[in-house]
Amino acid sequence: MLKIQAVFVDRDGTLGGNGHFIHPRDFELFPSSLKALQLLKENGVKIFALTNQHNISKGLATESDFHKEFESYGFDAAYICPHEPEDGCECHKPQPGMLQKAAAEYELDLTHCAVIGDVGSTDMLAAAAVGAKRILVETGWGKQSLEKYRHKWSKHLQILSRRTS
C-alpha cells in the first residue's frame, strides 16, 4: 500500500463554509473537519492548507488572518495564493505552484500526496498537474464540479459524500 506523505486541503467548501469567501473570524468548520485532520496527523501524515484567497488582494483579509486560522486547526503549514485569477501567477490554482513550493520545502514526492477539495476546475486540476491523488468532496462546489469537470481529472478520483449525523 502506498504511504501518503502529505494531504493538501482546500478551505472554502471543503473544510467548512459554502464555497464562497468567508473571513477567518466568521468561518465555521464542518462538524467532522477537525477530527479528520487529527486522524491524519495521528497517522503520521502532514497536513497543509492549499487555498486561493484573492480577497486578500482586495484588502478584505490578510494572509496573517488565514495563517492564524490554519495554525489553530493544526495544519503543518498553509499555502495561500492572495492573487486575482487574472494576475497570471504560478500559485493560483489550477496552477501547481503552491504544491511545488510545498514539495521543495518539505522534500515531498507529490505522487505520494493527496489533494482534497471541492472544485474541479482548480483543486483537482492542480492535483492532476503534479500527479497527486485527487479527492473531491461533495460539499461546497463539489457536486457541480463532479458533473462539469470530471472528464478532465477523473482518473483515480475518489469521491467523498458528506455524511450527516
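Basis for what follows: all heavy atoms, side chains included, without hydrogens, waters or symmetry-related copies.
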Give the minimum heavy-atom separation between His23 and Asp65, together with the two atoms involved. NE2-OD2, 3.3 Å
Heavy atoms from other residues, nucleotides or ligands near CD of Glu86 exceed 12 (cutoff 6.0 Å): yes
Output all residues satisfying side chain to side chain contact (heavy atoms under 4.5 Å, CB included) with Ala129, sequence neighbours left out; order by chain, then residue number. Pro96
Heavy atoms from other residues, nucleotides or ligands near NZ of Lys101 exceed 12 (cutoff 6.0 Å): no
Those residues at least two apart in sequence (or on a different chain) that pass side chain to side chain contact (heavy atoms under 4.5 Å, CB included) with Ala127 are Val115, Ala132, Arg134
Between Pro94 and Ser121, what is the shortest heavy-atom contact and its length? CB-O, 3.5 Å
Does a side-chain heavy-atom distance below 4.5 Å link Val130 with Phe8? no
Do any N or O atoms from the side chain of Gln5 and from the backbone of Asp109 form a donor-acceptor pair under 3.5 angstrom? yes
For Glu71, I'd like to know if atom CD has over 12 heavy atoms of other residues, nucleotides or ligands within 6.0 Å. no
Please check this pair: side chain of Lys93 against backbone of Met98, looking for a donor-acceptor N/O pair closer than 3.5 Å. no
Of all heavy-atom pairs between Gly13 and Val137, which one has the smallest distance, and what is that distance? O-CG2, 4.1 Å
Testing the basics here: between Ile4 and Lys133, what is the closest heavy-atom pair and its distance to 0.1 Å? CD1-CG, 4.2 Å
Within a reach of under 6.0 Å around NZ of Lys68, are more than 12 heavy atoms found that belong to other residues, nucleotides or ligands? no
With the 4.5 Å side-chain cut-off for hydrophobic clustering, are Ile22 and Leu60 part of the same group? yes
Can you find a pair of side-chain heavy atoms, one from Val9 and one from Phe70, that are under 4.5 Å apart? no
Any side-chain heavy atom of Asp10 within less than 4.5 Å of one from Thr51? yes
Decide yes or no for Leu108 and Phe48: does some side-chain heavy atom of the first lie under 4.5 Å from some side-chain heavy atom of the second? yes
Any chance you could measure Gln38, atom CD, to Ser32, atom OG, to the nearest 0.5 Å? 14.0 Å
Measure the spacing between OH of Tyr73 and NZ of Lys41 and express it to the nearest 0.5 Å. 15.0 Å
When rounded to the nearest 0.5 Å, the distance separating NE2 of His92 from OG1 of Thr122 is 8.0 Å
For Ala61 and Phe21 the tightest heavy-atom approach is CB-CZ, 4.1 Å
Once rounded to the nearest 0.5 Å, what's the spacing between atom OG of Ser72 and atom NE2 of His67? 13.0 Å
Closest approach of Gly117 and Met124, non-hydrogen atoms and distance? N-CE, 3.7 Å
Rounded at 0.5 Å granularity, tell me how far OG1 in Thr62 sits from CD1 in Ile56. 7.0 Å
Give a yes or no on whether the backbone of Asp118 and the side-chain of Asp123 come within a donor-acceptor separation of less than 3.5 Å. yes
Which class fits the ring pair Tyr79 and Tyr106: parallel under 30°, tilted 30 to 60°, perpendicular over 60°? perpendicular
Between the main-chain N or O of Gly131 and the side-chain N or O of Thr111, is there a donor-acceptor pair closer than 3.5 Å? no
Would you compute the distance between atom CG of Asn18 and atom CD of Glu28 and round it to the nearest 0.5 angstrom? 11.0 Å
Arg11 charged N/C atom sitting above Phe66 aromatic ring, 6.0 Å / 45°: no
Under 4.5 Å between any side-chain heavy atoms of Cys91 and His83, yes or no? yes
